[in-house]
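Beneath this line is the structure, given in structure tokens, with notes to follow.
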Amino acid sequence: MPISTLARLTKLAPLPRSFYSRDPRLVARELLGKLLIRRGGPRPASCAEWGEGEDAGAECENGEYGEPSLLAGRIVEAEAYLGVTDPGAHAYCGLTARNAVLFGPPGHAYVYFIYGNHYCTNVNCQPAGDAGCVLLRALEPVCGFRSMAALRGIRGFASDGALRPVQLRQLTSGPGRLSQALGITRERDNAKDLCSPSSDLYIAGDGSPVPEISATPRINVTRAPCDEWRFVIPGNPFVSGPRTARALK
DNA sequence: GAGATGATCTTA
DNA sequence: AAGATCATCTCC
């Protein structure tokens, strides 16, 4: 990645609130190919263990003392959840303390803790009162590989911290993984306005071409199995789920 | 690569 | 008790 990429990424504006104020199935489709961006986060303690070498994302770790200045990944998999009418959605049971963000205005982050181990990151959709949202399920890392690996607790195989293809995929392939890779937690990010220019977490388009899109049933949603509201960029190796050795290359 | 299992939070 | 998950372990 050229040095200019970071400069370009830092200038991208967050998607407007009107983007999210629509049917989550439409929002989920159109989020594919967009960039999820974390900027200015604190340097994770584990970064201190990393050497001085370069890796694929090193150009973005150019803050003072090597502090990561920007983490970014391209959205390659997302799922739509409707509001109180969707048996698979958290909003199905109505307003609770946990899901209150879903009933508020669009463009805000809904982050929840799942299975006692992981965070999942969603964007609230539709006008206030309608509880639809989109779950971000996988990213293709674009910027900040080394910091993501540190946040994920993944060590590269070489002295310079370079990542194997398998390790690269482990950074952000899955809703819990991508949340950890960008340092997203409920405490830090739930209810955050992703449309604010001052937000340290937001989604932006970078003018790249609209990708091919496939629809499938949602993952691990047993209460409403008859849907096709999971959207992926077919063939992208960062889409979650089992990979063949061939696909990993 | 595939299948089983544990972690241990939140809600019903 | 089950869940919008993942790492680790086992045996291919």
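Each chain gets a letter, A, B and so on, in the order its sequence line appears, and its residues count up from 1. Computation of the quantities below employed the complete heavy-atom set of this structure, encompassing side-chain atoms and omitting hydrogens, waters and symmetry-equivalent molecules.
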(request) Take atom OH of A:Tyr119 and atom C1' of B:dC9, then tell me their distance rounded to the nearest Å. (result) 9 Å

(message) Suppose we screen for ring pair (Phe, Tyr, Trp, His ring centres under 6.0 Å). Which residues come up paired with A:Phe231, at least two apart in sequence or across chains?
(response) none

(message) Tell me every residue that passes salt bridge (Lys or Arg N to Asp or Glu O under 4.0 Å) with A:Arg98, counting only those two or more places apart in sequence or in another chain.
(response) none

(request) Just need the stems in DNA chain B: three or more back-to-back Watson-Crick or G-U pairs, each with both distances under 3.5 angstrom, sorted by first number. (result) B:1-7 with C:5-11, B:9-11 with C:1-3

(request) If you link ILVMFWY side chains whenever their heavy atoms are less than 4.5 Å apart, which other residues fall into the same cluster as A:Ile114? By chain and number, please. (result) A:Tyr81, A:Val84, A:Leu95, A:Val101, A:Leu102, A:Phe103, A:Tyr110, A:Tyr112, A:Tyr115, A:Leu135, A:Val221

(message) Test: ring pair (Phe, Tyr, Trp, His ring centres under 6.0 Å). Region: residues 117-138 of chain A. Which pairs qualify, not counting sequence neighbours?
(response) A:Phe113-A:Tyr119

(request) List for me each residue that meets salt bridge (Lys or Arg N to Asp or Glu O under 4.0 Å) alongside A:Asp86, sequence neighbours excluded, and say none if there are none. (result) A:Arg218

(request) Please determine, by modelled atom types, if A:Ser240 and A:Ser173 share a side-chain donor-acceptor pair under 3.5 angstrom. (result) no

(message) At under 4.0 Å between heavy atoms, how does the protein contact nucleotides 3-12 of chain C? Give one character per nucleotide, 5' to 3', with B, S or -.
(response) BBBSS-----

(request) Would you mind listing every salt bridge (charged side-chain N to carboxylate O under 4.0 Å, His left out) that reaches into residues 75-84 of chain A, with sequence neighbours excluded? (result) A:Glu77-A:Arg137, A:Glu77-A:Arg230, A:Glu79-A:Arg137

(message) Rounded to whole Å, how long is the line connecting atom CG of A:Asn190 with atom P of B:dC9?
(response) 18 Å

(request) Please list all pairs passing the ring pair (Phe, Tyr, Trp, His ring centres under 6.0 Å) test where one or both residues lie in residues 190-226 of chain A, with sequence neighbours left out. (result) none

